[in-house]
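A short write-up of the structure that comes next.
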2 protein chains.
Amino acid sequence: MASALQNELKKRGPFDSVQQEATLAMMRSSDLLENRLARLLREYSLTLSQYNVLRILRGEGKPLPCLEVADRMIQVAPAITRVVDQLLALKLITKTQSANDRRVFEIELTASADRLLKALDKPILDLHASLLSNVSKADLKTLIRILEAVRAGIRE
Amino acid sequence: MASALQNELKKRGPFDSVQQEATLAMMRSSDLLENRLARLLREYSLTLSQYNVLRILRGEGKPLPCLEVADRMIQVAPAITRVVDQLLALKLITKTQSANDRRVFEIELTASADRLLKALDKPILDLHASLLSNVSKADLKTLIRILEAVRAGIRE
DNA sequence: TGGAGATAATCTACATGTAAACTAATTGCA
DNA sequence: TGCAATTAGTTTACATGTAGATTATCTCCA
């Protein structure tokens, strides 16, 4: 015999929950944002992955090993290898074998990448601002805080 | 001459903003959640896309045209065509040409899909609950509310 | 010192997502 | 009526993400 609660849930499918709704909301919102960002970057012949690698390297301000970059992108090693190859071909990074540990290859931005990133700053900033223009700063800070808790919980 | 504000921003790279931080937070959180869900679904030989199609069809409770399903997934038409083909091969859906409009193909769950979804309900519910277990219900509701505003703003 | 296990990165294979061009069918309107 | 524009869906081509196996190097410790 179905409970009243179960009957109520049936309206939105069995076993629905606020956790499920939140997860779907995050995935849908993120997809939309990714699409918009990718569309802007395409005008500069960059993919989102490529841009992220460049952004991380600039954020760090010094050369980084490949897998260090992968970690910060929640990406898997083979994907980084490919992106690094692409960026090398575009002469946006250099890759040098570390003297200390010859397994490690360190990645560094070229001057050309610095210029490209500089040219991208304003358009990217504007896009971010415009995409989230109808969300208050206070809400954005709340959002960031809650999402931090989400990620902390996922990684155990 | 650099302003005090610019100097301050330099700490985290030029032109950083709360909007940018929020966007990155959403994308990273969503990626983590997607990975976990995909991992669970793989045990049932389903991809996240396939599961989403099934879930949407069950939620609707009646047959839906292909592109109607695509809309709700923020997916592009060709991707749906492929997923539909896969689900057809797995005998989890049926596809019938509409009599009213012969351009339209309506998709419907099979009894086998109903059983599969039923078997998945509990594990999926548990996973969602566990992934977000350290976020309070109140925060989840706030999260959902803010994300709705985010999406409303993106679609104009 | 030397071998087992760990680590950085790559290679291969495959599934998925997106864009662009295309087909078939419908609608609107002149 | 009939043709232009629109819409549903497919096909093709290509870029990206993930898994699993592999290579090269390093670390630890018996």
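Reminder, nothing fancy here: chain letters follow the sequence lines and each chain counts from 1.
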Taking only the side-chain nitrogens and oxygens of [X], find out if one of them lies under 4.0 Å from OP1 or OP2 of [N].
X	N	answer
B:Q75	C:dG17	yes
B:T47	C:dT16	yes
B:S49	C:dA15	no

Atom [atom1] of [X] and atom [atom2] of [N]: how far apart are they, to the nearest Å?
X	N	atom1	atom2	value
A:Y51	D:dT16	OH	P	17 Å
A:N35	C:dT16	CG	P	18 Å
B:L64	D:dA8	CG	C1'	14 Å
B:I80	D:dT11	CD1	C1'	16 Å
A:L41	C:dG17	CG	P	20 Å
A:I74	D:dG17	CD1	P	12 Å
A:N52	D:dT16	CG	C1'	13 Å
A:F105	C:dA9	CZ	C1'	7 Å

Quick one: on DNA chain C, does A:V104 or A:R39 contact a more 5' nucleotide (nearest heavy atom)?
A:V104
Looking only at heavy atoms, what is the nearest atom pair of [X] and [Y], with distance?
X	Y	answer
B:M73	B:S49	CE-O, 3.7 Å
A:R28	B:D71	NH2-O, 4.4 Å
B:K137	A:Q19	CE-NE2, 4.5 Å
B:I80	B:A70	CG1-CB, 3.2 Å

Do B:V83 and B:L92 belong together in a cluster built from hydrophobic side chains that touch within less than 4.5 Å?
yes
Single-linkage hydrophobic cluster, 4.5 Å side-chain cutoff, B:I74 and B:L67 together:
no
Sugar-phosphate only, base, or nothing, as touched by A:R42 at under 4.0 Å among non-hydrogen atoms:
sugar-phosphate
Taking the basic N atoms (NZ, or NE/NH1/NH2) and the acidic carboxylate oxygens, is any pair closer than 4.0 Å for A:D121 and A:R58?
yes
In residues 81-103 of chain B, which residues come under 4.0 Å of DNA chain D by heavy atom?
B:T81, B:K95, B:R103
If you assign A:P78 and A:Q50 each to the DNA chain D nucleotide with the nearest heavy atom, which residue ends up on the more 5' nucleotide?
A:Q50
